[in-house]
Amino acid sequence: MYRFVLTRQWVFLTLMALALIPAMIELGFWQYHRHEHRVAQNQLIEANLRAKPVPMTEVTSPGHRVPRADFWRAVTATGTYDTAHEVVVRMRTDNDDKVGFHVLTPLVLSDGRVVLVNRGWVPGADDPRAYPPVPTAPTGEVTVTGRLKADETSGGSGIKDRKGLPDRQVMLINSAQQAEYLGRTVLGGYLELTAPAPSDGSPEPIADPDHDSIGPHMAYAVQWWLFAAAVPVGWVVLVRREKRERQEEAARAEASRQEPATA
């Protein structure tokens, strides 16, 4: 009664089931690895945020590519803001997902080198191409504290670096680009300001990165593995149902052959 599994229909169904099982198992492991990556990133963010701030000059230098291990590391810098060369970064959202600008102000150190400071978010003007109203940076020598971030690139951020933008507007925060614009030596990466906070709340400080949520990846992994386990179970159920239906059909055929003889 099980010879029907050798028919074309059942061979195709069996092969499809055999292909789905390893594919679903692999998808489960892919989600599990994403879960592990998220947990490791959360641990890194928390450790770097809680670490004692160090001078930015100790962890980066001109042309330095900030490694992932230093992302969000607490750093400090002392210098004077160069507001004449301040720029704004387009298409950035605030903590409520409203679109506006980030304010990027060069901080000139005592040795003449520059640290890029992202002072926070401001809303745009009525004209989207106009330079937005930006609160003036503090004057004189200041000491700032913030999170170390890596230079942004189109490949890493997914943001297209558009050309022909209005004056003093950029798409990416990139130390090499700003070094060319300023004509100065700029330390790699940039500082995302956390202190001192502006007295009037503008620019709006950038919130800490999320390091509490682990996302749905573990649930997705378990879901894929359950699907993989359900495939052979489903195949067996279908085979047994097909066998039962064939037996019932054979019994009805046998009964219909015996009825004339009985009559």
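Counting begins at 1 with the first residue of the sequence.
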Checking the side chain of [X] only, and the main-chain atoms of [Y] only, is there a donor and an acceptor separated by less than 3.5 Å?
X	Y	result
Arg73	Lys149	no
Gln169	Arg129	yes
Thr153	Gly156	yes
Thr194	Thr145	yes

Run Val88 and Arg168 through side-chain contact (heavy atoms from CB on, under 4.5 Å) and show every step you take. CA-CA 6 Å; Val88 292; Arg168 298 174 61 194; 6.0 Å; no

Nearest heavy-atom pair of [X] and [Y]: which atoms, and what distance?
X	Y	value
Ala125	Pro133	CB-CD, 4.4 Å
His64	Val59	NE2-O, 3.5 Å
Thr83	Ala137	CG2-CB, 3.7 Å
Pro232	Ile21	CD-CD1, 3.8 Å
Asp70	Asn48	C-ND2, 3.9 Å
Phe101	Pro132	CD1-CG, 3.7 Å

Do other residues, nucleotides or ligands put more than 12 heavy atoms under 6.0 Å from the OH atom of Tyr220?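 Counting other residues, nucleotides and ligands, OH of Tyr220 stays at 12 neighbours or fewer.
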
Would you say Arg240 has more than 12 foreign heavy atoms packed within less than 6.0 Å of its CZ?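 Atom CZ in Arg240 is not crowded, with 12 or fewer foreign heavy atoms closer than 6.0 Å.
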
Just jot down the salt bridge (Lys or Arg N to Asp or Glu O under 4.0 Å) partners of Asp111, sequence neighbours excluded, or say none. Arg113

Partners of Glu204 by salt bridge (Lys or Arg N to Asp or Glu O under 4.0 Å), sequence neighbours excluded? none

Contact between [X] and [Y] at the side-chain level, heavy atoms closer than 4.5 Å - yes or no?
X	Y	result
Met171	Lys160	no
Leu109	Leu187	yes
Pro135	Pro203	yes
Tyr81	Arg119	yes
Val108	Arg184	yes
Arg162	Arg90	yes
His217	His33	no
Leu148	Val66	yes

Please report the interatomic distance [atom1]([X]) to [atom2]([Y]), rounded to the nearest 0.5 Å.
X	Y	atom1	atom2	result
Trp121	Thr93	CH2	OG1	9.0 Å
Ser110	Glu141	OG	CD	7.5 Å
Leu238	Trp10	CG	CH2	5.0 Å
Leu27	Gln223	CG	CD	11.0 Å
Leu116	Asn174	CG	CG	9.0 Å
Leu6	Thr14	CG	OG1	9.0 Å

Can you tell me if Asp151 and Ser175 form a side-chain donor-acceptor pair at under 3.5 Å?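 Yes, Ser175 and Asp151 have a side-chain donor paired with an acceptor closer than 3.5 Å.
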
Go through Arg92 and Glu152 one step at a time and tell me if the salt bridge (Lys or Arg N to Asp or Glu O under 4.0 Å) criterion holds. CA-CA 13 Å; Arg92 300 304 167 109; Glu152 296 178 344; 2.8 Å; yes

With the 4.5 Å side-chain cut-off for hydrophobic clustering, are [X] and [Y] part of the same group?
X	Y	result
Ile173	Tyr181	yes
Leu165	Val87	no
Val236	Val233	no
Ile159	Val170	no
Phe71	Met56	yes

Can you pull the salt bridge (charged side-chain N to carboxylate O under 4.0 Å, His left out) pairs that have at least one residue in residues 28-45, sequence neighbours excluded? Arg38-Asp210

Would you call the rings of Tyr32 and Trp225 parallel, tilted or perpendicular, taking 30° and 60° as the class edges? tilted

